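For reference, the structure is listed below as C-alpha cells.
Chain naming here is simple, since letters A, B, ... match the order of the sequence lines and numbering starts at 1 in each. No experiment lies behind these values; they were computed from the predicted model shown.
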There are 2 protein chains.
Amino acid sequence: MTAQPTESRRDELLAIAARLFAEKGFRNTTVRDIADAAGILSGSLYHHFDSKESMVDEILSTFQEELFGQYDAILASSDLDPLAKLEQAVLVSFEAIDKHRDEVAIYQNDAAYLLTFERFAYLGERNQQSRAVWLTLLQNGIDAGVLRDDLDLELTYRFIRDTIWVAVSWYRPGGRRTHTEIAKQYLSILLEGIHHG
Amino acid sequence: MTAQPTESRRDELLAIAARLFAEKGFRNTTVRDIADAAGILSGSLYHHFDSKESMVDEILSTFQEELFGQYDAILASSDLDPLAKLEQAVLVSFEAIDKHRDEVAIYQNDAAYLLTFERFAYLGERNQQSRAVWLTLLQNGIDAGVLRDDLDLELTYRFIRDTIWVAVSWYRPGGRRTHTEIAKQYLSILLEGIHHG
DNA sequence: GTCTATACCTAGATAGAC
DNA sequence: GTCTATCTAGGTATAGAC
C-alpha cells in the first residue's frame, strides 16, 4: 500500500490533459499540447494511454462516479425533508463545479460530441440518471406540498439543471463569492423568484 | 429590385453552413461537409466565400444586428413599465431561439473559440452590450420597487442569461410547447420561484 | 519513461479548365 | 458557378532505440 510512482505520473498527466480539455475543448486540444504542457514529447504519452479518447474517458467516468454517489446518498438520506434534499443537491452540484471544474467543463462542452462514440454511451445513461434524480426531488417536494404544483415538471428540471451547470463557464474559485454563497443565491431565486413581495 | 440569383445562392449556402455549424460545431464542420450538403465540391465554395471563418462571421453578425435592434426598441419604448420590459426581453429572446436556432446555437457553442481571433472581437462587444441591457432592465425594476433589492445583480443577470440561451440545446420547434409558452413558464419561475405559497 | 523518426490521414485553401 | 487536381499544414498514432 505504498505510493505508486507509476500511478501518480498517470494522474499528473490526466490532470494536465483535463485542464487543457476544459480550456480549449477536447477536439481543439492536441496530444502535442498535452505533451508540451507535461514537458515531454507527444509520442511519450502513448506509453501511459492508448489514445486521447482513453484520457477523457478516465477523466469523466471517475468524476461522475463520485458525483452520482453524492446524489444517491442525498436521495437515500432519512433525516432530510424534501426541501432540504433539493437544497442539498444544489449545494453538492455547486461544490462539484468548485472542486472539479475541469471535469464539469469538459462534460458541458464535449459530452454531445463524445456521445457519438459507442465507448461513451455511459454518458447518456448518466444523463438519464441525473434527470431521474432531479425529477424525484421535485416530485417529492410537490407531494409534500412545499413546491408549486402548477409548473411543467420537465421544464423546471431543465431550468434547474441548466442554471447550475452553466455556471462553470463563469465561476472562478477565489472570486468575489464562494461556491456556497452562489448556490444559496441561486436557491433563493429558484425558490422565491426575483419578484418583490 | 428583382430577385438576385447570386445573392440567393449565397444565402442558401450560408443557411446550409449554419445548420451544420449548429449541429456539429464550427471546428468540427469541414468545408467538405458544407459542400457535400450543398451538392457541390469543396473547392467551389471558395467562389462564394474566401474562408470558413467568413461564413460564420456573416451568419453571426447578421443575426446579432437583428437581436440587439429588438432589445434597443424595448429599452427605448415609452409605453412599457419596467416589469413589462423585462418580460418582453425574455419573450424576444425565446423567439430568437425559435426563429434563429442555428445562429443561437453557434453563438453558444463557438463564441468562446471565435473570440480568440481579432476579426471576432465584436462578439465580445455584443457580450458587454447584452450585459448592459439586462442590468438596466433589472436595475429599473428594483428602482421601481417591483423587483427584490436583496439579490446580487450580477448573479441574477447571469442566472437569467444562462437559463434563456441554454434552452437552445433542447428546444425544438414543433415540440410539445411553443417558444412563447416556454418563455412564460420561465418567467413564472424567475419571478415567483418554485416554492409554494 | 522518454526520445527519434515517421506513417498515415484529414483539414483548409488555391489554380486553372470547363 | 462548378469541377479537377493538388499543395501544405497539422493531427493521431506507431516502432524501436536509449
Under the ring-ring contact (aromatic ring centres under 6.0 Å, His included) test, residues paired with B/F21 that sit two or more places apart: B/F26

Five-pair end axes of the helix from C/dG1-D/dC18 to C/dC18-D/dG1 and the angle they enclose, rounded to 10°: 10°

Annotated protein contacts, base or backbone, on nucleotides 2-18 of chain C with a non-hydrogen cut-off under 4.0 Å, one of B, S, - each: BBB------BBBB----

Qualifying residues under salt bridge (Lys or Arg N to Asp or Glu O under 4.0 Å), relative to A/R148, sequence neighbours excluded: A/D150

Which residues share a side-chain hydrogen bond (donor to acceptor under 3.5 Å, both in side chains) with A/D98, sequence neighbours left out: A/Y171

Listed once per pair and sorted, the ring pair (Phe, Tyr, Trp, His ring centres under 6.0 Å) pairs that draw on residues 76-97 of chain B, sequence neighbours left out: B/F94-B/Y186

For A/N127, all residues meeting side-chain hydrogen bond (donor to acceptor under 3.5 Å, both in side chains), sequence neighbours excluded: A/Y107

Partners passing salt bridge (Lys or Arg N to Asp or Glu O under 4.0 Å) against A/R32 (at least two apart in sequence or in another chain): none

Atom-pair distance (CE on A/M55; P on D/dA13), nearest Å: 8 Å

Pi-cation contact, B/W170 with A/R158 (under 6.0 Å, within 45°): yes

Set of residues satisfying salt bridge (Lys or Arg N to Asp or Glu O under 4.0 Å) with respect to A/D143, sequence neighbours excluded: none

